[in-house]
Amino acid sequence: MREERPIIALDFPSFEDVKTFLNLFPSEEKLYVKIGMELYYAAGPEIVRYVKNLGHSVFLDLKLHDIPNTVGSAMAVLANLGVDMTNVHAAGGVEMMKAARQGLGEGPKLIAVTQLTSTSEEQMRDFQNIQTSLAESVVHYAKRTAEAGLDGVVCSAHEVEAIKAETSQDFVCLTPGIRPAGSAVGDQKRVMTPADAKVIGSDFIVVGRPITQAEDPVAAYQAIKAEWNA
Ligand code: C5P
């Protein structure tokens with residue numbers, strides 16, 4: 001199920017920076033934002049309550065990975081914060097993912113990270129000792145994620161087709177690494193435009209710096225949103 005709002009990655013170091021950024025938008029514009037580790041560890045759960053109170057939706061990107069009992073209890077806490085979506089590492093295993101689902105409840109979306117995009121195939125073979133291709137490993141984790149009852153995965157836009165083919169068309173694919181044509185790629189290696197992400201079937205796109213670092217973040221957001229929904 002496709003989300004029309006691009007998710008804005010709030011990669012800011014402090015609460016104050018987030019307030020300044022969100023104040024740029026008219027109050028009736030309800031956003032979908034991603035809060036990651038840096039901001040959450042700096043500002044605490046209060047940042048989630050603040051953003052939710054403004055009427056925005058929150059994807060809390062904390063990538064939990066621990067024993068099932070611990071992850072399940074932590075997820076219950078996050079559910080109480082009112083997050084709309086959060087995630088775990090699929091590498092924690094099916095039992096951990098099932099515990100996460102149970103702790104979070106059925107309301108919020110729960111997705112998994114498969115292989116981090118910073119992991120190369122060589123690293124995966126040498127360090128994790130997984131002797132397949134990276135693409136096969138990603139699809140393998142996605143299938144286990146679906147079996148555990150999660151809603152989907154975080155993945156590269158280039159992996160969406162294969163993942164949906166091996167799980168289901170309804171299995172959520174959330175894709176970062178999105179860059180409107182002509183914008184700075186930064187440290188992202190394999191990027192895709194919002195229009196192309198739509199064509200290949202992404203359900204959620206995550207966009208950070210092309211919006212947060214733009215001269216006019218509101219205009220940049222509107223342009224990306226228009227391209228994603230065109
Ligand atoms: O600024 P940019 O658009 O590159 O931000 C993308 C966001 O998505 C960042 O918060 C980054 O950590 C996150 N992300 C990513 N690639 C992944 C997983 C998460 O860029 N594979």
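As the structure lists them, so they are numbered: ligands from 1, and atoms in each ligand from 1. Bear in mind that the values here come from a model prediction, so they are computed numbers and not experimental data.
The protein heavy-atom contact nearest to atom 6 (C) of ligand 1 is Gln188 NE2, 3.8 Å. Distance from atom 2 (P) of ligand 1 to its nearest protein heavy atom, with residue and atom name: Arg179 NH2, 3.4 Å. Thr117 OG1, 2.6 Å is the protein heavy atom nearest to atom 21 (N) of ligand 1. Looking at atom 9 (C) of ligand 1, its nearest protein heavy atom turns out to be Asp11 OD2, 3.3 Å.
Residues Ile163 and Met97 are members of separate hydrophobic clusters, defined by side-chain heavy-atom contacts under 4.5 angstrom among Ile, Leu, Val, Met, Phe, Trp and Tyr.
For Arg209, a nitrogen or oxygen atom sits less than 3.5 Å from a nitrogen or oxygen atom of ligand 1, counting backbone and side chain alike. Below 3.5 Å of separation, one finds no N or O of Pro210 facing any N or O of ligand 1. Residue Lys34 has at least one nitrogen or oxygen atom sitting less than 3.5 Å from a nitrogen or oxygen atom of ligand 1, judged on distance alone.
The aromatic rings of Phe21 and Phe12 sit tilted relative to each other, their planes meeting at an angle between 30° and 60°. The aromatic rings of His89 and His65 sit tilted relative to each other, their planes meeting at an angle between 30° and 60°.
Ligand 1 places these atoms under 4.0 Å from at least one heavy atom of Gly208: 1 (O), 2 (P), 3 (O), 5 (O).
The pair Lys225-Glu29 meets the salt-bridge criterion, with a side-chain N (NZ, NE, NH1 or NH2) lying under 4.0 Å from an Asp/Glu carboxylate O. Look at Arg179 and Asp196 and you find no salt bridge, because none of the NZ, NE, NH1 or NH2 atoms lies under 4.0 Å from a carboxylate O. Ion pairing of Asp61 with Lys63 is present here, as a side-chain N (NZ or NE/NH1/NH2) and a carboxylate O approach within less than 4.0 Å. Taking 4.0 Å as the cut-off between side-chain N and carboxylate O, Glu46 and Arg49 count as a salt-bridged pair.
Closest heavy-atom approach to atom 15 (C) of ligand 1 among the candidates Gly177, Ser183, Ser156, Pro176: Pro176.
For an aromatic pair to be called close, the ring centres must be under 6.0 Å apart, and Tyr221 with Phe25 satisfies this.
Using a 4.0 Å cut-off between heavy atoms, Leu116 makes no contact with ligand 1 at all. Neither the backbone nor the side chain of Ser118 has any atom closer than 4.0 Å to an atom of ligand 1 (non-hydrogen atoms only).
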